[in-house]
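Presented below is the structure to which this report refers.
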Amino acid sequence: MRLPVITTDGKFIARYTDAGLAELNFPTTGRASTRAVKGEIISANIRRWHRVTEAAVKNILAGRAPKHLPPLDLAGTAFQKQVWNALRKIPAGQTKSYGEIARAIGRPRAIRAVGGACGANPVPLLVPCHRVLAAGKKLGGFSGGLDWKRRLLVGEGVGW
DNA sequence: TCCGTATTGAACT
DNA sequence: AGTTCAATACGGA
């Protein structure tokens, strides 16, 4: 089940399973339109979750920590989930390095693997992979494009 | 098993 | 200040 999240910055696409939000994509430039979601039956749960998701996305875009998050149904390996879980502990307005995340999950040498897990994150924004910088406060990379990463950090008042 | 990473830090020019 | 290089863990083919 895919539903659009309309914001002033574009149309994000949220994908839900019975268990919760499974995916949240940045606005796609051109390809993959909203697609015929109509006709599908939207369960009460998903409707409720989607309202929470919309509010959370808008808050994050405005640089504020979302008050509530929908339940997440993240598909990934145990390692990736550990990383994503660690990312969610980063408070808004703060950043960490890939090395710090690696240490936080007890694998100080899994630095590059952390980068890989960030890139595999199906739910950017809600899982704040944009708060992870490379050593020396360099930007590193970002799945949705570095422009987004810069913008989100600036929105949270992070300077580097 | 080999390859590519959203890395890192040191050793060079 | 820029470049090269090895070490490194994980995931996909």
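Below, chain A is the first sequence line, B the second, and so on; all start at residue 1.
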If hydrophobic clusters are built by linking Ile, Leu, Val, Met, Phe, Trp and Tyr wherever their side-chain heavy atoms come under 4.5 Å apart, do [X] and [Y] end up in the same one?
| X | Y | answer |
| --- | --- | --- |
| A:Val132 | A:Ile105 | yes |
| A:Leu61 | A:Ile6 | no |
| A:Leu152 | A:Leu146 | yes |
| A:Val52 | A:Leu21 | no |

Atom [atom1] of [X] to atom [atom2] of [N]: distance rounded to whole Å?
| X | N | atom1 | atom2 | answer |
| --- | --- | --- | --- | --- |
| A:Arg109 | B:dT5 | CZ | C1' | 19 Å |
| A:Gln80 | C:dG12 | CD | C1' | 11 Å |
| A:Ile111 | B:dT8 | CD1 | P | 6 Å |
| A:Lys138 | C:dA1 | NZ | C1' | 12 Å |
| A:Lys137 | B:dT7 | NZ | C1' | 16 Å |
| A:Trp84 | C:dC10 | CH2 | C1' | 13 Å |
| A:Phe142 | B:dA6 | CZ | P | 13 Å |
| A:Arg103 | C:dT8 | CZ | P | 17 Å |

State which residue, out of A:Lys149, A:Arg150, A:Glu156, fulfils the side chain to side chain donor-acceptor pair (under 3.5 Å) condition with A:His130.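 In the set A:Lys149, A:Arg150, A:Glu156, the residue that makes a side chain to side chain donor-acceptor pair (under 3.5 Å) with A:His130 is A:Glu156.
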If the plane angle is over 60° it's perpendicular, under 30° parallel, otherwise tilted; pick one for A:Phe12 and A:Phe26.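 If you compare the ring of A:Phe12 with that of A:Phe26, the planes turn out tilted.
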Would you jot down, in residue-number order, the residues of residues 92-101 of chain A having a non-hydrogen atom under 4.0 Å from DNA chain C?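 Within residues 92-101 of chain A, no residue comes under 4.0 Å of DNA chain C.
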Among residues 116-131 of chain A, which ones have heavy-atom contacts with DNA chain C below 4.0 Å?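 Residues of residues 116-131 of chain A that come under 4.0 Å of DNA chain C do not exist, since none gets that close.
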Side-chain contact test, heavy atoms from C-beta onward, threshold under 4.5 Å: evaluate it for A:Ile111 versus A:Ile101 and give yes or no.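 In short, these two side chains do not touch, never coming nearer than 4.5 Å.
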Heavy-atom distance under 4.5 Å between the side chains of A:Asp9 and A:Trp148, does that happen here?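 Yes, side chains in contact.
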Starting from Watson-Crick (N1-N3 plus N6-O4 or O6-N4) and G-U wobble pairs under 3.5 Å, report the runs of at least three that DNA chain B belongs to.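 Detected stem regions: B:1-5 with C:9-13, B:7-13 with C:1-7.
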Counting any heavy atom closer than 4.0 Å, what does A:Thr77 reach on the DNA or RNA strands: base, sugar-phosphate only, or nothing?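 A:Thr77: backbone/sugar contact only, no base atoms under 4.0 Å.
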A:Gly140 or A:Gly136, whichever maps to the more 5' nucleotide of DNA chain B: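 Nearer the 5' end of the strand: A:Gly140.
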Under-3.5 Å donor-acceptor pair between A:Arg112 side chain and B:dT7 base: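 Under the 3.5 Å cut-off, the side chain and the base do form a donor-acceptor pair.
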Please determine, by modelled atom types, if A:Asn85 and A:Arg88 share a side-chain donor-acceptor pair under 3.5 angstrom.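 No, because no side-chain N or O of A:Asn85 sits under 3.5 Å from a partner of the opposite role on A:Arg88.
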If we ignore angles and hydrogens, is there a donor and acceptor under 3.5 Å between the side chains of A:Tyr16 and A:Ser43?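 No, no side-chain donor-acceptor contact under 3.5 Å.
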Could you measure the distance from the CG atom of A:Asn121 to the CG atom of A:Leu87? Nearest 0.5 Å is fine.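 Spacing of CG (A:Asn121) from CG (A:Leu87) equals 7.0 Å.
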Atom CG of A:Leu153 and atom CG of A:Leu139: how far apart are they, to the nearest 0.5 Å?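 Those atoms lie 7.0 Å apart.
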Closest nucleotide among B:dA6, B:dG9, C:dC10 to the A:Ala135 side chain: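 Shortest atom-to-atom distance from the side chain points to B:dG9.
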